[in-house]
2 protein chains.
Amino acid sequence: MTDTEERPKGARGRAPALRRTRQRRAVLDTLGRCREFVSAQELHALLADSGSTVGLTTVYRTLRELDRAGLVDVVRDDGGERMYLRRPAGEHRHHLICRGCGRSRPVDSEPVEEWAARLAEITGFTQLQHTLELSGVCARCAAPPS
Amino acid sequence: MTDTEERPKGARGRAPALRRTRQRRAVLDTLGRCREFVSAQELHALLADSGSTVGLTTVYRTLRELDRAGLVDVVRDDGGERMYLRRPAGEHRHHLICRGCGRSRPVDSEPVEEWAARLAEITGFTQLQHTLELSGVCARCAAPPS
DNA sequence: TTCGTTGCAAAAGGTTTGCATACCA
DNA sequence: TGGTATGCAAACCTTTTGCAACGAA
């Protein structure tokens, strides 16, 4: 069990003072264009393809920032690799990912949210967090390969 | 934890023919004694402490076998490390883990199971699998440091 | 000028694999 | 005996970090 170190999310009102750099803009832009989850490595490759020279390190760092800022949804693929998808609204969403084609679709997870909330009451646990990874095989991929 | 579904890994009815070796017995035994999730590395350390000489590789391999056989629940900690906990019955369970002390407690996840089942119908996805990681701060850890 | 940002190379860390050896059945 | 299982070392991979150079404000 890795002990989670204290991380007071409610940081002192300090403004991070993010700078708008060419690299960050490129990452944000490319990520925004992705409709499916992408890994840092994939994103780095995409950036390279589009001619943007952005270091892999920077991609990782930027993605981490976005995660902290709650601007992306993050899941882990089977290999433990983190996958990112830009989050439209401020709400966190859950996605159902097809193991065949990799496409994902957001799902209504209200029941889960409610259940989690109830769980907090029942167990006395506070600051509940949950990560939900859903996968399956979509109708198209399940269909006969004709 | 992942819903264990059929392993269509093209398994031609071959019998795995597991052998009962000293190492496997030791791993199984030590794992069975653990009441909380443990990582492969931790398990390896525990084995070493108890005098059992089992290679780390073997621990990893055995754990993977157990996972495939659906005999353990697996979660990933914040660092992406896999944590294992022997599964009592054949049922898969979800656990709520305290970020303070690391202790876990199984929770009733029926609502989630039902929701997932309904989701399958609605979306047309088949062979749904889900992994749910729940964490929070237990009452004891949240209590004032007296 | 200042100090956040970048990027390369290297370090970390967990997990897997190659391969010769040991051993259960 | 034959095919498994083991274990060491090396390989793999993703992610992080050290540090000198860079550039937005």
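Residue numbers begin at 1 in each chain, while the letters A, B, ... track the order of the sequences.
Here C/dC24 presents its C1' atom at 13 Å from CZ of B/R22, a figure rounded to the nearest Å. In this structure, A/L63 places its CG atom 13 Å from C1' of D/dT14, rounding to the nearest Å. Between the C1' atom of C/dT16 and the NE2 atom of B/H44 lies a distance of 15 Å, rounded to the nearest Å. Atom pair B/Q23:CD and D/dC8:C1' shows a separation of 14 Å (rounding to whole Å applied). For A/L18 and C/dT6, the CG to C1' distance is 15 Å, given to the nearest whole Å. The separation between B/E65 atom CD and D/dT4 atom P is 12 Å, rounded to whole Å.
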Using atom names, set out every protein N or O paired with an N or O of nucleotides 15-18 of chain D below 3.5 Å, distance rounded to 0.1 Å.
unit_1	atom_1	unit_2	atom_2	d
D/dT15	OP1	A/R82	N	2.9
D/dT15	OP2	A/Y60	OH	2.7

Between protein and nucleic acid, restricted to nucleotides 21-23 of chain D and to nitrogen or oxygen atoms under 3.5 Å apart, what atom pairs and distances do you find?
unit_1	atom_1	unit_2	atom_2	d
D/dG23	N2	A/R19	NH1	2.6

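Using a 4.0 Å heavy-atom cutoff across all strands shown, B/T62 reaches no nucleic acid atom at all.
Contact annotation: B/T21 does not reach the phosphate of D/dA5 (side-chain N/O to OP1 or OP2, under 4.0 Å).
Not a single side chain to side chain donor-acceptor pair (under 3.5 Å) links B/T21 to another residue, sequence neighbours left out. Residues satisfying the side chain to side chain contact (heavy atoms under 4.5 Å, CB included) criterion with A/L119, sequence neighbours excluded, are A/W115, A/T123, A/L128, B/V107, B/L134. Contacts of B/D29 classified as salt bridge (Lys or Arg N to Asp or Glu O under 4.0 Å), with partners at least two apart in sequence or in another chain: B/R33. Evaluation of the side chain to side chain contact (heavy atoms under 4.5 Å, CB included) rule for A/S52 yields A/A26, A/L47, A/S50, A/V54 as partners, not counting sequence neighbours. For A/R103, the salt bridge (Lys or Arg N to Asp or Glu O under 4.0 Å) test picks out no residue, with sequence neighbours left out.
Through chains of ILVMFWY side-chain contacts below 4.5 Å, A/V75 is grouped with A/F37, A/M83, A/L85, A/I97.
No side-chain heavy atom of A/L71 sits under 4.5 Å from any side-chain heavy atom of A/R87.
Expressed to the nearest 0.5 Å, how far OG1 of B/T131 lies from CG of A/L132 amounts to 8.0 Å.
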May I have the list of side-chain donor-acceptor pairs in residues 55-65 of chain A shorter than 3.5 Å, sequence neighbours left out?
unit_1	atom_1	unit_2	atom_2	d
A/Y60	OH	A/Q41	NE2	3.0
A/T62	OG1	A/T58	O	2.7

